[in-house]
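Here's the structure, in structure tokens; my notes come after.
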Amino acid sequence: MRRTQAFIPTTKEAPNDATLPSHIFLARAGFIAQVASGLYNYMPLAKRVIKKIENIINEEMAAIGAQEVELSFVTPSELWAESGRIEKFGKELLRFKDRKENLFVLGPTHEEMMVDLVRNRVTSYKNLPLHLYQIKTKFRDEARPRFGLMRGREFIMKDGYSFHATKEDLDREFDAVEAAYKKILTRLGLDFRIVEADSGAIGGSGSKELMVLADSGEDTIAVCSKCEYGANIEAAQRSARKTIPEAPEAEFNKFLTPNVKTIDELAEFFKIDPYYTIKAVAKRVIWEDSSEIVVFYLRGCDTLEEVKAINATEALDIVDASEEELKEIGLVPGFIGPLDQDKAKHVIDSDLKDAKSMICGANEQDYHFIGVDLGVISEAAYFADIAQVNEGDICPHCDGELSFTKGIEVGHIFKLGTTYSSALKAEFLDENGKAQPFIMGTYGMGVSRLVAAIIEQHHDENGCIWTKQSAPYMVNVMVSNIKDEAQMALGEELYANLKNIGVEVMLDDRKDRFGFKMKDAELIGFPYTIIIGKELANGNVQIFDRASKEKTTVASDAIFEKIMELIK
RNA sequence: CGGGGUGUAGCUCAGUAUGGUUAGAGUACUUGGUUUGGGACCAAGGGGCCGAAGGUUCGAGUCCUUUCACCCCGACCA
């Protein structure tokens with residue numbers, strides 16, 4: 001492509017609403033243009049990058065035997081009613097009616113559609129397993145779209161679905177997809193981590209997220225310093241502490257603690273480590289058709305992980321409870337404890353099972369119990385893992401320490417089981433001629449989000465730094481002064497030769513000056529720029545490496561071989 | 001959905017407290033010329049329903065009412 005002919009509207013200034021590097025640079029370098037909140041136009045450069053990513057995905061999917069399909073973007077609302085997700089998704093589903101007043105939904109993900117496609121078409125165990133996928137625009141009417149391509153309402157997602165006769169076969173496919181996803185991200189040149197994720201109410205034994213490591217990531221992940229373990233903080237586990245603070249010595253007793261309400265105050269009052277205090281977190285827990293106050297008890301040094309709390313109570317949602325609500329049912333804010341307390345349901349963190357020498361609220365104004373042994377209530381109580389892991393906690397798989405890092409979720413693979421096949425009555429006949437629902441897996445990868453993730457991880461103050469596998473063009477041939485006939489002639493020759501053997505090459509044949517074109521090349525982020533400039537008088541040109549920012553001088557008659565070697 | 005902010009040239013923004021010639025700058029664009037190794041210079045141009053609707057006024061970018069859009073923090077997010 002000749003730069004004079006290319007539609008690449010670069011700008012010196014960023015749009016006023018861009019905050020993330022990927023958003024700023026993709027907009028400034030002429031990759032994307034915002035249309036409305038969460039909606040973007042892809043211009044030629046972005047389109048090329050997207051195709052690169054799609055090609056890699058297609059190759060790796062083909063390698064594990066998945067077949068590409070393309071399902072309708074407009075989906076009948078009946079399917080969503082059938083699975084029950086029309087309510088679960090709520091306002092995120094964009095609905096509309098056609099001229100005949102039929103209700104439709106723009107597809108936010110395609111489990112229902114895919115199950116509908118397969119049901120009654122695949123009816124025998126002999127035709128399983130089956131893995132179908134598509135790369136397609138999705139629409140979710142997000143409450144708050146943000147960060148450019150990172151969280152749009154309309155986005156491109158690769159979504160795959162597999163159908164199996166047995167759980168073992170699903171496990172095999174799940175592992176194969178995980179390996180394929182690993183290859184895709186590796187080929188794209190990304191630094192990533194596969195982490196364990198929350199399986200949510202759907203349950204199922206496996207849910208993993210692929211996180212591209214970047215400070216701007218919206219997810220917090222806990223990773224082990226020693227082993228491969230990583231998990232979304234919503235699902236992260238830990239081993240019991242190895243070094244525990246010295247326990248306070250006290251007989252069981254009720255103790256006057258005037259105005260000592262917070263954990264900090266309590267620890268200070270008794271001069272003990274918060275490890276030995278019991279924190280009571282009261283929340284209003286909402287189920288489908290009821291709601292009530294539930295108290296969650298944790299060690300004072302821990303915090304409640306709401307996703308775990310939702311799973312433990314099988315709730316739809318959990319919201320903060322006001323002091324008034326607590327007083328109404330007879331709880332004493334600041335002095336709530338698990339002993340002698342029958343006003344509200346409670347859940348106790350499993351780390352507190354059989355805990356001794358504890359201090360907790362006495363459910364009476366200005367009193368705490370000391371020397372509490374939770375062993376006495378173990379029988380009746382409901383224990384569950386509801387605590388968020390802390391940095392420095394021990395890895396559940398080895399003796400390494402956990403630390404936190406930020407990640408961008410670019411993929412999510414999930415063992416669905418029979419959730420959707422049962423709901424949609426998608427069944428096959430097994431070897432005994434008995435009808436069984438398909439055992440399913442679902443595998444998502446955010447293609448447009450990957451475009452942003454690549455830049456979040458690969459940029460500097462001057463712009464994008466595309467990896468070789470993702471670059472819109474591999475080589476930029478820059479003629480410093482187009483009025484110089486020798487420079488221009490060499491530029492044309494190189495451009496033609498590279499193009500002829502299939503190298504993706506841009507010829508910067510604009511009238512502008514050296515500095516302007518260099519800034520532009522850095523902003524767009526071509527991996528290599530061949531500078532044909534004043535050095536040509538000495539028979540030399542230069543290769544500018546975008547990632548290292550180094551310029552290498554090369555004899556002009558050797559440049560073709562040299563660049564071919566670099567881009568291999 | 002709560003809280004905050006912003007809408008003026010393609011883009012980034014002045015101008016609005018106190019209403020008053022033809023609404024400005026930088027950048028981008030067009031033409032001509034000079035320049036040519038890190039976002040050049042000179043000159044001449046084109047480009048605006050001041051987000052929208054209604055109102056107050058002799059007169060509204062500026063004041064009042066309504067509304068829409070976009071952004072940020074939070075809630076939400078298979």
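Chain naming here is simple, since letters A, B, ... match the order of the sequence lines and numbering starts at 1 in each.
- Of all the residues in residues 19-47 of chain A, A:Arg28, A:Gln34, A:Ala36, A:Ser37 reach under 4.0 Å from RNA chain B with at least one non-hydrogen atom.
- Nearest to the side-chain atoms of A:Glu306 among the listed nucleotides B:rU12, B:rC76, B:rG39 stands B:rC76.
- The side chain of A:Arg144 approaches B:rG74 more closely than any other nucleotide in the set B:rG74, B:rG39, B:rC13.
- Here the side chain of A:Lys483 is nearest to one of B:rG39, B:rU35, B:rC72, namely B:rU35.
- With a glycosidic angle no more than 90° from 0, B:rC49 adopts the syn conformation.
- The pairing partner recorded for B:rA17 is none, the criterion being a Watson-Crick or G-U wobble arrangement whose two distances lie under 3.5 angstrom.
- Remark: A:Arg151, A:Met157 in residues 151-163 of chain A come within less than 4.0 Å of RNA chain B through at least one heavy atom.
- In this structure, B:rA52 shows a glycosidic angle more than 90 degrees from zero, which is the anti conformation.
- Taking atom CG of A:Asn232 as the reference point, atom C1' of B:rC77 lies 12 Å away to the nearest angstrom.
- Checking B:rC13, B:rA40, B:rC76 against the side-chain heavy atoms of A:Asn16 singles out B:rC13 as nearest.
- Computed from coordinates, the A:Arg146 CZ to B:rC76 P distance equals 11 Å when rounded to whole Å.
- Checking B:rG37, B:rA75, B:rU36 against every side-chain atom of A:Ala143, the shortest atom distance belongs to B:rA75.
- Applying the 5.5 angstrom centroid cut-off and the 30 degree plane-angle cut-off, the aromatic ring of A:Phe516 is not stacked upon the base of B:rG39.
- In this structure, A:Lys158 contributes its side chain and A:Glu54 its backbone to no donor-acceptor pair below 3.5 Å.
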Provide a list of protein-nucleic acid N or O atom pairs under 3.5 angstrom, restricted to nucleotides 41-44 of chain B.
none

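- Pair assignment for B:rA43: B:rU31, on the basis of Watson-Crick or G-U wobble contacts that are both within less than 3.5 Å.
- For A:Arg153 and A:Asp141, the salt-bridge test passes: some basic side-chain N is under 4.0 Å from an acidic carboxylate O.
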